[in-house]
Amino acid sequence: MMAESEAPKRYWIWTVGCQMNKVDSDRVADTMQARGYLPAQREEDADIVILNSCAVRESAERRVSGKLGNLVALKQEKPQLVLGLTGCSVSPDFEATRKRFRGADLYFQPTRIDQFLEQLDVIWPAPADEGVMACWEEQPAATEDKGPIAYVPISNGCDKFCTYCIVPYRRGRETSRPMLDIVDECGNLVKRGAREITLLGQRVNAYGKDFKDGTDLADLLRLVNDIPGLERLRFLTSYPKDMSDKLIASFAELDKVCEHLHLPVQSGNDAVLQRMRRGYTRDDYLRLVERIRAVAPDIVLSTDIIVGFCGETEEEFQETLSLVEEVRFTTVYSAAYSVRSGTLASRWEDDVPPDVKKDRLRRLGEVQERISLQQHQALRGSRVEILVESTESERHDTPQWQGRTRQNRRVFLPRGDESLLGQVVPVRIEKVSPWAMQGVLVA
Ligand code: SF4
């Protein structure tokens, strides 16, 4: 128990993986701080270390195992150290998780902070009058400034079972958070300084299907769009088959919904898409892009692509290249296929050699770089509006602000007046590369 006279315990959270994991780590940190724990300055000073894991790729899970192994060794010297494991590596079957990741003291699923608190209470019981929170939604709204960019998970899990993907096995069935809880949370974030909110879910545009009352993401966007003080609204990640006309109309009807959509295609070839069990064809995807652009002509699209999936031939891969040329995405997040045990595809031969996968990644990267550069070159000399979101100094000689346009294009500008942080400002684009643009503030 943390008695009143006892020094506060310190925590450290180590995170790998996607934006959802980063948000979950923030929530665990908020929960711990609400219970009197303090962040440690260094991992070595912590009383409790929590690993927030990613299972999407084998290499990420290897990193988690390696990190846990190091910490278990540290625990030999420091037996009072408490180790927690959360994230996608923790499946609902805790015993199986314990066998795969030995040595942690706490295992909890990322959406189940109550599991974490129950186990923590056994190790360090909370004072009886503390009013233990059952889950994150019940945390009191704090008033401190949390920065201009915020991410809010609205659903968890996935019901699609694409043949290469581990997410449905680890995160479980799709569940949506109650709409009013989300709107409340977004309102509180705006009070704390957020100007842009991204709603997150593994299949975010399936939001509300489990309510079975017709409520959907478009309804939620409409409510969040009405929050005074919010400037921009995004959602991530969308599954192509769930882009309804009602949702597409949000881009035209709701002023804060930004003109950017991340829409993973994974492959441009029908046979590969079928083996992946994506549920759409190349033509379905292209028709969808047409429908979206008809409603929102300024919209830009980014995507995910897997190269070298089981049995992918050179001709099949070339159809992916041609689709990229045809759609002209702003960004392609590409990865070479790697087997995830437990998925349907893990029963098939991973028969595209590593050097072929590497070569396909390189060729895809070259096509995309050319397209991104052409798009950015077309913007040179023009005026864009960016939301100033953070400082960036590592890659520049002089301190810079970093911001993004509504279309999610990254722009740097020389750092000046501190009051610009969180403001939407006009910028003239002067230099461009495939990945970002450099601008100056317009008076
Ligand atoms: S839709 Fe996305 S999260 Fe769901 S199974 Fe397919 S790839 Fe995985």
Side-chain angles (χ1 to χ4, degrees), residues 11-25 27-28 31-32 43 46-123 153 156-175 202 306 309-310 335-350 354:
Y11 67 87
W12 179 269
I13 304 177
W14 181 88
T15 310
V16 282
C18 65
Q19 193 60 49
M20 282 194 77
N21 273 20
K22 291 188 188 113
V23 173
D24 288 342
S25 291
R27 284 167 187 274
V28 173
T31 302
M32 299 209 65
E43 188 179 291
D47 301 292
I48 174 166
V49 177
I50 295 167
L51 305 186
N52 193 352
S53 61
C54 171
V56 170
R57 296 176 63 73
E58 194 93 46
S59 54
E61 213 159 59
R62 273 202 300 272
R63 276 185 70 200
V64 176
S65 295
K67 183 74 183 173
L68 181 60
N70 293 342
L71 288 165
V72 169
L74 179 66
K75 201 170 153 68
Q76 309 262 314
E77 296 160 26
K78 197 179 162 188
Q80 72 281 13
L81 176 66
V82 173
L83 300 179
L85 181 68
T86 186
C88 291
S89 297
V90 180
S91 72
D93 181 349
F94 275 15
E95 271 324 299
T97 306
R98 268 199 186 93
K99 280 188 191 141
R100 278 188 298 116
F101 297 95
R102 291 182 191 275
D105 304 291
L106 313 174
Y107 298 83
F108 60 101
Q109 291 194 276
T111 53
R112 298 286 310 276
I113 296 244
D114 55 332
Q115 290 173 339
F116 168 59
L117 294 178
E118 276 164 20
Q119 297 177 75
L120 196 60
D121 277 344
V122 173
I123 297 171
N156 183 63
C158 183
D159 290 351
K160 285 313 296 176
F161 291 90
C162 300
T163 54
Y164 54 84
C165 182
I166 195 75
V167 167
Y169 303 94
R170 296 290 171 78
R171 290 246 173 190
R173 305 305 299 255
E174 250 157 25
T175 49
Q202 267 94 19
I306 296 172
F309 187 60
C310 308
Y337 171 65
S338 73
V339 182
R340 298 303 291 116
S341 59
T343 59
L344 185 58
S346 68
R347 299 184 208 157
W348 307 335
E349 195 185 349
D350 178 17

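Remember, predicted model here, so these are calculated numbers, not experimental data.
- The minimum heavy-atom distance between K22 and G17, with the atom names listed, is NZ-O, 4.0 Å.
- Considering V122, I48, I50, L117 in turn, I48 is the only one that fulfils the side-chain contact (heavy atoms from CB on, under 4.5 Å) rule with L106.
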Ignoring hydrogens and angles, write down the donor-acceptor pairs under 3.5 Å from the side chains of residues 80-90, residues two or more places apart or on other chains.
unit_1 : atom_1 : unit_2 : atom_2 : d
T86    : OG1    : F108   : O      : 2.8
S89    : OG     : S53    : OG     : 3.1
S89    : OG     : E61    : OE2    : 2.8

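- Remark: R100 CZ is packed, more than 12 non-hydrogen atoms of other residues, nucleotides or ligands lying under 6.0 Å away.
- Closest non-hydrogen pair, V339 versus E58, comes out as O-OE1, 2.7 Å.
- When all heavy atoms of F161 and P168 are compared, the pair lying nearest together is CE2-CB, 3.5 Å.
- Proximity of Q119 to I123: side-chain heavy atoms (C-beta onward) are nowhere separated by under 4.5 Å.
- Of all non-hydrogen atoms in G157 and R171, the two that sit nearest each other are CA-CB, 3.7 Å.
- Annotation for M32 and F116: closest pair SD-CZ, 3.8 Å, computed over non-hydrogen atoms.
- Formation of a donor-acceptor pair under 3.5 Å by the Y107 side chain with backbone atoms of F101 is found in this model.
- With T97 contributing its side chain and S91 its backbone, the two residues share a donor-acceptor pair below 3.5 Å.
- The side-chain heavy atoms of K75 and D105, taken from C-beta on, include a pair separated by under 4.5 Å.
- With sequence neighbours left out, the salt bridge (charged side-chain N to carboxylate O under 4.0 Å, His left out) criterion links K160 to no other residue.
- Residue A335 comes nearest to R57 through the heavy atom pair CB-NH1, 3.6 Å, listed as atom of the first residue, atom of the second, then distance.
- A donor-acceptor contact shorter than 3.5 Å links the side chain of Q115 to the backbone of Q109.
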